[in-house]
Amino acid sequence: MGRSHLIFLKAIIMKKQLLVVAMAAVFLAACGKKDEAPMAADQASVAASTASASASVNTEEKVLNVYNWPDYIPKDTLANFEKATGIKVQYQTFETNEALHAKLVAGNTGYDIVVPGTSFAKPQIDGGLLQKFDKAAMPNFANLDQGVLDNMKGVDPTNEYLIPWAWSYTTVGINKGKVAKALGTTPMPENAWDLVFNPEYTKKLKSCGIAFLDSPTEILPPALHYIGKPSYTPTAEDIKAAGAVLAKVRPDIRLFSSTMIDDLAGGKACVALGWAGDINIARARAIENKNGNDIEALIPKTGGLIFVDAMAIPKDAKHPKNAVAFMNFYHEAKNAAALTNELGYAAGNKAAMAHVEPALASNATMFPTPEQMKTMVPPVSFTDEVRGLMSTAYTAFKKGK
Ligand code: SPD
């Protein structure tokens, strides 16, 4: 290859890197803003347009099949949607992106809405596993947070396949009392990731129970981040190095679970590598149960890993119009705010902020400050090759080999 080709290639690579950095910056800046004036959406007319958007042209049978993560929907959302539209919702759950991805690849899922993480969605879009949604039938698209939409553009450049469900970050959660007791005279580390990746700490915390999410693409990315390697675009060598870090703490990990809310809330685990939103749910559950467990989602000094889970319509969905009606309903400002008010997750809906309880809107574990956002790792879609390598490394880690 000639020198001019090399310079050209280098320029393209640099341009791409700049684009990724710029997009990440836009997302991090936008998501960290709590004082944004919510869009002035007229809720009454939005509600009316929801009904007319779904009713005027929709001749589908009144059924909607949704496949989502557990503990991720406000308690009245489905009943309210059914009441407003007459569409009956069948709702099922999955626990990992890997499980959902395998179903989409196999085809004939029977679902009308699925909720992949954006770190998995690019190959799903490129592979023709998802279909575009009808944006014209979704007036509440205007309520969405442009920063979140911009971030999703790395995966879905024209925002035609994915609509945000929620975003949060992967981090470390602790039971404050139990951790203080297990650490004894050892002070809390400066970097919270040490609690799950540094044997000096895990050896001590083993006695009160360390829980890890149960999925290669949830564990390898934070381990890579811990050793200063790219979380989503590592080399095979990087993954090997992260595997070595994991191997050292393996004897100290008691639980593997992607629904660890009750383990944390009930005191079976005192430390969790989990999602800030779920750790906040565990906190609320422990308070409700008055069991004395004081749960806290930490914000590591070096940052957590931001994730965005997004609604999408599988290519062979039988009720795509009902799916759009639901997406639109979910993003009415008050409905989207219920996700934060009840479950502590942000819905990526700017108009919703006017309805979010002030104490939650200023809770940094739900809406990190702009300063904290600067440290966070934005999501990037994995390649099939990276997913394969992570899966092999994770199996070895779990087996303790
Ligand atoms: N309780 C529901 C949690 C859903 C979390 N999805 C996280 C994906 C992170 N990669």
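Just so you know, ligand 1 is whichever comes first in the structure, and atom 1 is the first atom listed for that ligand. Here the structure is a predicted model, which means the values were calculated and not measured.
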Q | Spacing of CG belonging to D252 relative to NZ belonging to K204, to within rounding of 0.5 Å | A | 11.5 Å

Q. Is atom NZ of K229 surrounded by more than 12 heavy atoms (other residues, nucleotides or ligands) closer than 6.0 Å?
A. no

Q | Qualifying residues under ring-ring contact (aromatic ring centres under 6.0 Å, His included), relative to F326, sequence neighbours excluded | A | F81

Q: Tell me, please, which residues at least two apart from Y111 pass side chain to side chain donor-acceptor pair (under 3.5 Å).
A: Q92

Please tabulate, line by line, the atom pairs linking an N/O of ligand 1 to a protein N/O at a distance below 3.5 Å, with the distance in Å to 0.1, or answer 'none'.
{"from": "ligand 1", "atom 1": "1 (N)", "to": "P70", "atom 2": "O", "distance (Å)": "2.7"}
{"from": "ligand 1", "atom 1": "1 (N)", "to": "D71", "atom 2": "O", "distance (Å)": "3.1"}
{"from": "ligand 1", "atom 1": "1 (N)", "to": "D278", "atom 2": "OD1", "distance (Å)": "2.6"}
{"from": "ligand 1", "atom 1": "1 (N)", "to": "D278", "atom 2": "OD2", "distance (Å)": "3.2"}
{"from": "ligand 1", "atom 1": "6 (N)", "to": "D309", "atom 2": "OD2", "distance (Å)": "2.7"}
{"from": "ligand 1", "atom 1": "10 (N)", "to": "E218", "atom 2": "OE1", "distance (Å)": "3.3"}
{"from": "ligand 1", "atom 1": "10 (N)", "to": "E218", "atom 2": "OE2", "distance (Å)": "2.9"}

(Q) Quick check on K135: does its NZ atom have over 12 non-hydrogen neighbours (other residues, nucleotides or ligands) under 6.0 Å away? (A) yes

Please tabulate, for side-chain N and O atoms in residues 208-215, each donor-acceptor pair with protein atoms closer than 3.5 Å (sequence neighbours left out).
{"from": "D214", "atom 1": "OD1", "to": "Y394", "atom 2": "OH", "distance (Å)": "2.7"}
{"from": "D214", "atom 1": "OD1", "to": "K398", "atom 2": "NZ", "distance (Å)": "2.9"}
{"from": "D214", "atom 1": "OD2", "to": "K398", "atom 2": "NZ", "distance (Å)": "3.2"}
{"from": "S215", "atom 1": "OG", "to": "E98", "atom 2": "OE1", "distance (Å)": "3.0"}
{"from": "S215", "atom 1": "OG", "to": "E98", "atom 2": "OE2", "distance (Å)": "3.2"}
{"from": "S215", "atom 1": "OG", "to": "T217", "atom 2": "N", "distance (Å)": "3.3"}
{"from": "S215", "atom 1": "OG", "to": "T217", "atom 2": "OG1", "distance (Å)": "3.3"}
{"from": "S215", "atom 1": "OG", "to": "E218", "atom 2": "N", "distance (Å)": "3.4"}

